[in-house]
Amino acid sequence: MRTLDEKLDHASEAVRHRVGEAPTRPAEAVSRQARTGRIVRGTLGVALLAGLLTVSSLLLAGRDDTLVATGGDETPTTIPFTSDQNPALSPEESAQVDEWLANGEPGLAALYDPTAIIINRTTDEWRMRAGLYQGQACFEFELVSSGPHGGAADCRTPSEWKVPGILDVDSQSPVYSRPIGGTQDDAEVTAYGPASIYGLVGPEVTAVELIYASGERHVLQPFGSEAGLGFSAFALNYDPEDTGMVVTVAALDATNRQTGHADAIVCAGFLASQLGDMATADPMTAAYCSSPEH
Amino acid sequence: MAIDLEAEAMVRNGPSFQQDFESFYARERRAVMGLAYVLSGSRSGAEDLAQEAFVAAYRRWEQVSTYDDPGAWIRRVVANKAMSWLRRRGAEARALLRIGEGRHTIAPLDDESELVWQEVRHLPARQAQVVALRYLDGQDVVDIARILGCTENTVRTHLRRGRETLARRLADKESP
């Protein structure tokens, strides 16, 4: 019988052997991913709109955290907030958050998140945080489990910031989030299967109207603005009968009209409630936010 | 947040930058991928995790390349990313249902090795990282401490506890 060291050595050698056999991606793949992610800003949304990307390519693209913003041109889209305006972060703290994120330690970064908004769902609670990272609005979603290890313990589990544009998958559901930047007053979100539409709106927005493809409209109030960041969140469970329905998210002002404010909707996306439902949606199960030309 | 894409591209396309990075990539790629694999348990995701880490390095290469040991930095990044991946493994499995099984780039391990790494992944995250760095990557306690940003005593403690747990659990699995 092998000793523990022998078992670990054998298992290590097996891994080295398998990895050594695996096909090698050239270094150019890394540099291309790093470079093109920035350059293709603004075009990805259009590609998604056309349904040209498959799920697998979307998954790969979504992991490219250079896809931080969509826009109609090549200019990075940012929202008109800066860390200076974030009451929770000093410049030193912002720098520290940058460092943590760069080092793959988002949980530490999340500790500096100034807001925590709980969304009650039918059976679970989703904790949504909204914050800023490099001047851009970030989301993170975290399932507060009702299981035996749920509750406070899971609340403390670090989860990842969802920098707009990053496709990320948490322990329960895929989270597809794309920014639409701070330059428009409505957005389109395509949801496949039961989902929660969510997003952030600017401080002047008093209501959000979801306009379904069927013409049905639903107005809801953003919440959480008292949390101190100046923008608030909205979320609504949505269960389209057909897959691939487009929902227009419009920001309304105090007169219940579409605001026309430039920074009305910061970002929006959808959170699938059941991946099983998504699995039947082909070819594209993601949501996106439209780019400004819409 | 204005970014001068052209200027940045000029720097990154420079021969020195590229050669330097490519040399680093060639030197570290397999070790990083191996770590990603054993810590995430994902044959389909290990390559992507490794690439994510290298992309992070590439973007900060002007800074990372000045570190005493860029290899330690990228091991730390991939170890953290792999643990995040592990927390999301259920979703990954379901995602594979959609995108098919064709993305595996690493052949499966023999049963005994697979069992060992499964048990490593069941250890607390830091213990798993220490064990993987020690055995798979061949790092000593001093280097592991530097990679993970903790003290050597902490590494020794994690290693000891991890080994104790592994020995017990593997023995249990072997018991008839």
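Everything numeric here is computed off the predicted structure, so don't read it as measured data. Because only heavy atoms are used, hydrogens play no part in the values below, and waters and symmetry mates are left out as well, while side chains stay in. Every chain is numbered from 1, with letters handed out A, B, ... down the list of sequences.
In this structure, A/Arg16 CZ and B/Asp137 CG are separated by 8.5 Å, a value rounded to the nearest 0.5 Å. In this structure, B/Leu170 CG and A/Thr3 OG1 are separated by 11.0 Å, a value rounded to the nearest 0.5 Å.
Residue B/Arg134 does not touch chain A at all, counting heavy-atom pairs closer than 4.5 Å. In this structure, chain A has heavy atoms under 4.5 Å from both the backbone and the side chain of B/Phe54. The part of B/Phe21 that comes within reach of chain A is its side chain, from C-beta onward, which places non-hydrogen atoms under 4.5 angstrom from that chain. Contacts of B/Arg29 with chain A are made by side-chain atoms alone, with heavy-atom separations under 4.5 Å and no backbone atom involved.
When all heavy atoms of B/Asp110 and A/Arg18 are compared, the pair lying nearest together is N-NH2, 3.9 Å. The nearest pair of heavy atoms linking B/Met33 to A/Val19 is CB-CG1, 4.1 Å.
Chain A is approached within less than 4.5 Å, heavy atom to heavy atom, by B/Glu112, B/Ser113, B/Val116, B/Trp117 from residues 111-119 of chain B, ordered by number.
For B/Asp140, the side chain to side chain donor-acceptor pair (under 3.5 Å) test picks out no residue, with sequence neighbours left out.
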